[in-house]
Every structure is written in structure tokens, then in C-alpha cells.
Amino acid sequence: MTRSRRTVMKPLYKEKYPHVFTPLTVGKKGQLTFKHRIMVPPIGSQGDIVDSHHRLNRDGVEFYTHWARGGAACITVPMEIPPNGGHRGDLVLDDDVDGFIYMHNLQRPVHMYGTKTLCEIYHAGCCMLPWPGYDLISSSAFMYNGRMTRAMDKKDMENVTKMYVDAAVLAMRSGFDGILLHYGHGWLMNNFLSPLCNKRTDEYGGSVENRCRYPLEVIKAIRDAVGYDMIIEVRLNGDDKKEGGITPDDCAQQALIFQDFVDMIHVSCGTRLDAHARPKMHPTCFVPEAHNAEAAHTLKKAGVKVPVGVVGAIGGAATAEKLIAEGKCDYVLVGRQSVADPYWFNKVREGREEDIRPCIRCDYCLDGGRRGSLTSEVNISDTATFDGHCSVNPLYRQGQYKEYMLRATRPRSVAVVGGGVAGMQAALKAAERGHTVTLFEKSDRLGGQLAMYPEHLWFKDHVRMLRDYFICQLRKSPVTILLDTEATPQLIEEADFDACIVAVGATQAVPPIPGIENAVLAWDVFGNEDKIGKKVVVVGGGSVGCELSIQLGGTGHDMTVVEMTKWLAANSQISERMSLEEHMQLNHVKALTETTCTRITDKGVHVVDKDGRESFLEADTVIVSAGSRSLAAERDRFADTAFDVINVGDCDSVGTIRTAIESGWDAAARL
């Protein structure tokens, strides 16, 4: 009898990304091996995955296990000392509430997938929340966000060291494979390491060696307590991104001092002492890919012998492979892309990179629901809702409950009217749930607004990637796509669809400004930049107006933005706002806030400021960017054309990419 030959899937991913998929063994005894070299950095609780005692609950187990199931080499779970010092709703491992016991509920499934676990430990220092009994301490006394910090004395250092040691022992009892000490981003240990904060004149200040003295004492105390069975990783700032702060060379000297007592070091950047450094700490769309790689390379060139990692703006396996192959680092940490698509690691292994839902670097996952956007300070808002979202993944954080609550359905015929991002997401989810879906798009291409602007703004490449991802997924799905086809109520009724999802979008708002016929509307600029004059005034300082001013300013136009409120890009999150402000300045854009346009002429605009002073701004071209309005009349034509009619995206309520995707997903989930 002849046996049939079994088809074998060969690990072709190792041929494409040989460095990424080479296991990494670390530890003074070589005691821990990561299955590959892409890890998930610390992503914490916001109160949504812990119980009333701040112990990890079942939803927290699912939250972190997503990444293990998706193929990550390692996940890192944050813990603050003292509990909830810098963020509200963090988890605890404390003995008095059996927190460390609950953590084993996570270790079992994560380790089942061959994924390692680290526990991040850090003290918030000058960034401590104003809880009763929590001192605002730092290396030196200084004012931070309107509050005075107290310089630590020897007794304070002993107390904090004990907190670190106790936390490390609890992490060991919790079954973690190692510890990550966060020594960057303006937290307490960074306050000692950085000359921005450390103004001490004793043995703990001044030289790099002195500034490392206390952080090193903490590392040694932890090593004495846990021995060498657990690995210790340290996160350092390769650059504070603020003048007078840590530089890559400083970081390399710090790493050389620490390396005999730790097993891994990875490099980040940015400090909470300056809100304008936050968009580098959590890099927005304006920040280059892998922007911390050169700092990591500085450590390698300085002779650091332990594995060196890098975090920040690493969007995929190709970038990781290049960095490791070039010797700039030994491993990478990828956070927000892992939020956008927790299964992207396995998709790389399976040769399905076109199926990876891309992160667009909006920082909503970090800022949304926690931080006020209309501020110049990095802190937790007093009115924070802690309703966490990802702009492209509707199942992130509290969104994971949606999957739990999906009801059973039966196959139905579904029409989706409009091929923008909301319509595309609705069509994909409806098809995934077994429905027969027809997508109508009256233009010759899919994407809606995303088909219009990403190619014309140099910093919107990630949005273009998101649009192309949706188009690719639709092409691979059973959805029938009808381009150049305008759906009408009669067509929908005659086709007898069971459901109609209306995604007809929005149009530009035209404010009643006298002389507006002399202006160009913002969307009409895209693709017509050659028709824009040298001297330009943009009326409206929302995100679109600011982005246009950056793009045009960068190509040599003399730009002025007029905004009637106090804030530019008021609907953006704080990191995005800080980036917009920075790049407007870099491109010499003049911004007039609390200034109202009263009339537009063919020579420019008349404005009045908050004090009633009138002036005239000359312009060759005036661009009006006043937002958009729902196509309500077109939307409402489809009422009652099917048993279920659901409005989604901007035609339901003008919003963002996030609200469009979520409303599309939700509509399909309801069917």
C-alpha cells in the first residue's frame, strides 16, 4: 500500500525574517529563551480589567492572553509602587488581597502559548497622582504641573527601595519570568538619571556615575532578593527629547554601569516634564519609523554586552528585521501595532501581512478617555472616563465585551450604501457573520474621505495603509462590490434586501461668512495644490486646517491659520495636538487663536480678535476649513427601505476614523 504524502507547511517566515525569528536567550545563567524577537511592551489597566481590589480579573486574563494567542514572544504587565501612584485603576499583586495568586490565572494560558511574561515596576515620582498620603518626591525639589516636589533624603530612598524589592518578590511569587524596571519617561528613577531633574550636589547628583548611583542601588537590592532565576530588564531613555536632558551618549554610559546587574536593556525616549516630548515618547504620524533605533545603536557601539532592545514607531516585521540585521538592536518592542491587531505576529509567520490591520499612530489608545486634550500639561484629567478605545480595533479594552455579547444570527441579505471606512467595516463584519453583502459605491473607488487626502499629506501614510487594508480585505471577502453604482431607495426596495446599512458620509460645512465665494474649501485643495497662491490664510484651526497648513507650509507657502477658539485642533488628543503645534512651528505657520473671520475678499480676510481689535490679513488664497456636516437628506431617503435600516459613520454623526469604524462594526453586529 502506498501512503499519500502529507503536505508540510515549511517555516518560510524564517527565510523572509531570519533575524526576527531567531530565538533570544538571556540571563546571567542563560535561563530564559524568547521564541522570537518581537515583544509587547507594558500596556496597563485603566480599571477595566481588575476587580474592586485591583486584582487581575477574568477580563484581564483575556486582555493579555490576546497577544500570547496572537504569537507575541513576551508580554509585560505593569505594576506601580505605591499602588495606583501614577495611573488610576492599575493592578496590584499585594499579599493582603492575594493579588499575586490571581496573576497565576494569566500565567497558565500565556505560558501555554510559549509566550514569556515580565512584570513592569515603577514609581511615578514627580508625576504621582494627588492621592492622600502619597508624597510628591523626586531627585530634587522643583515645580511640576503646579505642584512642588520634595527632594528625597536617605530615609526616602530606603523606603522606595523596599517598595521595589517587595514588588519584585511579589512578581516572583506571581510566576513572572522576569521584571522590567521603568527608568525612563520622567518617572522617579528617570528623575535621578536625567540632568533635567537631578540638581543634587551630593553623591547622587552631578556626573553620570553619581546620577546612576541610586537607581543602581535599587537594581542591586532587587537582584539580592530574587537571585538569578528571574531576569531583569531596564527601560532607559535614549533621549529625553528636551534640551539639557539625557542624550544617547549619556544613555550608553548608564547602560554600561547597569549591565553587570541586569539581563536586558531597551531604549525609549521622552519625558513627562514637557508635553511637547510626549509625541516622541508615543510617536505620532509625524515621527519617523523606529526613531529610537540610533540611540539603541549607540549602546551597541559603546560595548553594551547584554541584549539591547528598542521601542517606538516600529510598525512591522520588515522594520524589525532590518534593525536587528544591521546590528542596531537585538530585539524590538511593538505596542500600538499590537493594540491595533493582537494577532499580527502570527499573520507574519503565516505569510499574511496584507491581513494585518495597521496602527495609524493617533495615540487614542494612550490618551483617549484619560487625558484632557485642551491642556499643555501631561496628567490624568479630573473628568477622565477611562473609556479606552483604539481607533482601528473596536474590540480593544472595554470593546472586548462586544464579542462576549454577540447574539446568534441567521444569514440575511444586506445592502451597504457607501464605500467609506464605515461602510467597508460594516460590509466586512456582516460578511464575517455569514450574511450575503452587497456594497454600493457611487464613485470609481473605495475609501470615502480616505480615498481623498492621504496621498496629499506626507504624514498620513498610515491612514493610506489602513484604507488599503480595508480594500484588500473586501477584495478577499465574499462581499459583492459595485463601484460606479449609486444606490437609490427604489433599487434597495426592489432588490428586497433584509437590511440596509447607510454609510453615505458627510460633506464640507460652509459657514455663513460674507464673501465666502472668494475662498476655497479645504477638501478641494487636495490634488489642486498647484492652484494655491503663495500667501495663504486658512480659516478654521481644526485638525484638517492645521494639517493643510503644515503640508502647504512645507512646500514654501506663507501660511496663517485663523481659529476662533483658544485651542488649535481642539478635537485631537493631546499627543496629536502637540505634534500639530510643533510641526506648524517648524513650517513657519502663524496661528491666530481667539480670532474670528468676519469677511473674505479677493485680497484676503477681515478678522477681529477677542479684544475687539479688527485687522486685515492679505492672502492670495483663502482656504475655509470649517469641518463637515452629515448628508442627512441623502441618508434619510433610505428610511424603511428594508426591515433593518442602520445609519453609520459621518452620515449618522460626524466623527473620526475611530467612530466610523466602530459604528460600522456595531451595525453589522446587530444584524
Side-chain angles (χ1 to χ4, degrees), residues 19-20 24 26 37-39 41-42 76 120 122 180-187 189-198 207-209 211-212 215-216 233-259 262-274 276-284 286-316 319-337 361 575 579 582:
H19 294 85
V20 162
L24 176 65
V26 302
R37 300 187 180 218
I38 304 179
M39 308 176 190
T76 303
E120 180 193 43
Y122 64 97
L180 167 62
L181 299 175
H182 194 337
Y183 278 13
H185 292 184
W187 299 128
M189 292 301 158
N190 177 254
N191 293 169
F192 275 87
L193 295 173
S194 175
L196 288 172
C197 316
N198 190 338
S207 67
V208 172
E209 184 179 6
R211 284 184 275 121
C212 286
L216 180 60
E233 182 183 20
V234 177
R235 170 180 283 185
L236 295 177
N237 262 14
D239 193 322
D240 280 341
K241 296 298 181 183
K242 184 174 174 64
E243 187 175 351
I246 292 169
T247 66
D249 287 335
D250 294 329
C251 179
Q253 292 181 61
Q254 295 169 10
L256 290 168
I257 291 170
F258 294 144
Q259 70 171 349
V262 303
D263 304 293
M264 308 168 69
I265 297 171
H266 79 254
V267 175
S268 184
C269 75
T271 174
R272 282 169 168 76
L273 300 183
D274 182 2
H276 284 91
R278 186 170 177 81
K280 285 85 169 178
M281 184 191 306
H282 307 297
T284 64
F286 293 95
V287 178
E289 187 91 350
H291 67 306
N292 291 318
E294 288 306 318
H297 195 202
T298 302
L299 271 64
K300 298 284 289 180
K301 290 186 291 186
V304 174
K305 293 181 175 59
V306 298
V308 173
V310 64
V311 67
I314 299 168
T319 299
E321 177 68 21
K322 185 173 186 291
L323 294 175
I324 300 170
E326 292 177 350
K328 293 187 175 178
C329 64
D330 300 296
Y331 65 100
V332 301
L333 302 99
V334 180
R336 290 170 301 165
Q337 179 54 57
R361 295 208 209 161
S575 298
S579 260
E582 176 188 3

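Throughout, numbering of the chain's residues begins at 1 and tracks the sequence.
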Is the closest side-chain heavy-atom distance between Lys300 and Val308 below 4.5 Å?
-> yes

Should the pair Arg361-Glu289 be classified as a salt bridge under the 4.0 Å nitrogen-to-oxygen rule?
-> yes

For Lys322, salt bridge (charged side-chain N to carboxylate O under 4.0 Å, His left out) partners two or more places apart = Glu326

Steps toward side chain to side chain contact (heavy atoms under 4.5 Å, CB included) verdict (Ile246, Asp239) = CA-CA 5 Å; Ile246 292 169; Asp239 193 322; over 6 Å; no

Quick one: SG on Cys197 to CG on Leu273, what's the gap to the nearest 0.5 Å?
-> 4.0 Å

Taking NZ, NE, NH1 and NH2 as the nitrogens, is one of them in Glu582 or Lys280 under 4.0 Å from a carboxylate oxygen of the other?
-> yes

Under a 4.5 Å cut-off applied to non-hydrogen side-chain atoms, are Leu193 and Leu236 in contact?
-> yes

How long is the span from the CZ atom in Phe258 to the CD1 atom in Ile265, to the nearest 0.5 Å?
-> 8.0 Å

Do side-chain atoms of Asp240 reach the backbone of Lys242 as a donor and acceptor pair under 3.5 angstrom?
-> no

What are the two closest non-hydrogen atoms of Ala290 and Thr319, and how far apart are they?
-> CB-CG2, 4.1 Å

Examine distances only and state if a side-chain atom of Arg336 and a backbone atom of Pro283 form a donor-acceptor pair shorter than 3.5 Å.
-> yes

dist Cys269:SG -> Met281:CE (nearest 0.5 Å) comes out at 7.5 Å

Looking only at heavy atoms, which two atoms of Cys329 and Val310 are closest? And how far apart?
-> SG-CG1, 3.8 Å

With no hydrogens and no angle check, is any side-chain donor or acceptor of Asn190 less than 3.5 Å from a backbone partner on Gly186?
-> yes

Can you check side chain to side chain contact (heavy atoms under 4.5 Å, CB included) on Lys241 and Asp274, steps first, answer last?
-> CA-CA 9 Å; Lys241 296 298 181 183; Asp274 182 2; over 6 Å; no

Could you please spell out the steps behind the side chain to side chain contact (heavy atoms under 4.5 Å, CB included) verdict for Ile257 and Val208?
-> CA-CA 9 Å; Ile257 291 170; Val208 172; 4.2 Å; yes

Residue pair Thr271 / His185, side-chain donor-acceptor N/O under 3.5 Å = no

N/O donor-acceptor pair under 3.5 Å between Gln259 side chain and Lys305 backbone = yes

About how many Å separate NZ of Lys301 and CG of Asp249, when rounded to the nearest 0.5 Å?
-> 8.5 Å

List in chain and number order the residues that pass side-chain contact (heavy atoms from CB on, under 4.5 Å) with Thr284, two or more places apart in sequence or in another chain; answer none if no residue qualifies.
-> Pro279, Phe286, Val287, Asp363, Ser575, Ser579

Do Glu321 and His19 have side-chain N/O donor and acceptor atoms under 3.5 Å apart?
-> yes

Are the side chain of Arg278 and the backbone N or O of Arg272 linked by a donor-acceptor pair below 3.5 Å?
-> no

Note, His266 side chain near Leu180 side chain (heavy atom, < 4.5 Å) = yes

Shortest non-hydrogen contact from Val311 toward Leu333 = CG2-O, 3.5 Å

Under a 4.5 Å cut-off applied to non-hydrogen side-chain atoms, are Tyr331 and Ile38 in contact?
-> no

For Val306 against Val262, the heavy-atom pair lying closest together | CG1-O, 3.6 Å

Can you tell me if Asn198 uses its side chain to pair, donor with acceptor, with the backbone of Arg211 under 3.5 Å?
-> no

Do Pro41 and Arg235 have side-chain heavy atoms sitting under 4.5 Å apart?
-> yes

Looking only at heavy atoms, what is the nearest atom pair of Gly309 and Ala296, with distance?
-> O-CB, 4.0 Å

Decide yes or no for Ser194 and Asn237: does some side-chain heavy atom of the first lie under 4.5 Å from some side-chain heavy atom of the second?
-> no

What closest approach, in Å, do Val304 and Ala252 show between heavy atoms, and which atom pair accounts for it?
-> CG2-O, 4.4 Å

To the nearest 0.5 Å, atom OG1 of Thr76 lies from atom CE of Met39 at 8.5 Å

Gap separating the NZ atom of Lys328 from the CG atom of Leu299, nearest 0.5 angstrom = 14.0 Å

Check: Cys251 and Thr298 side chains under 4.5 Å, non-hydrogen atoms = no

Note, Phe192 side chain near Tyr183 side chain (heavy atom, < 4.5 Å) | no

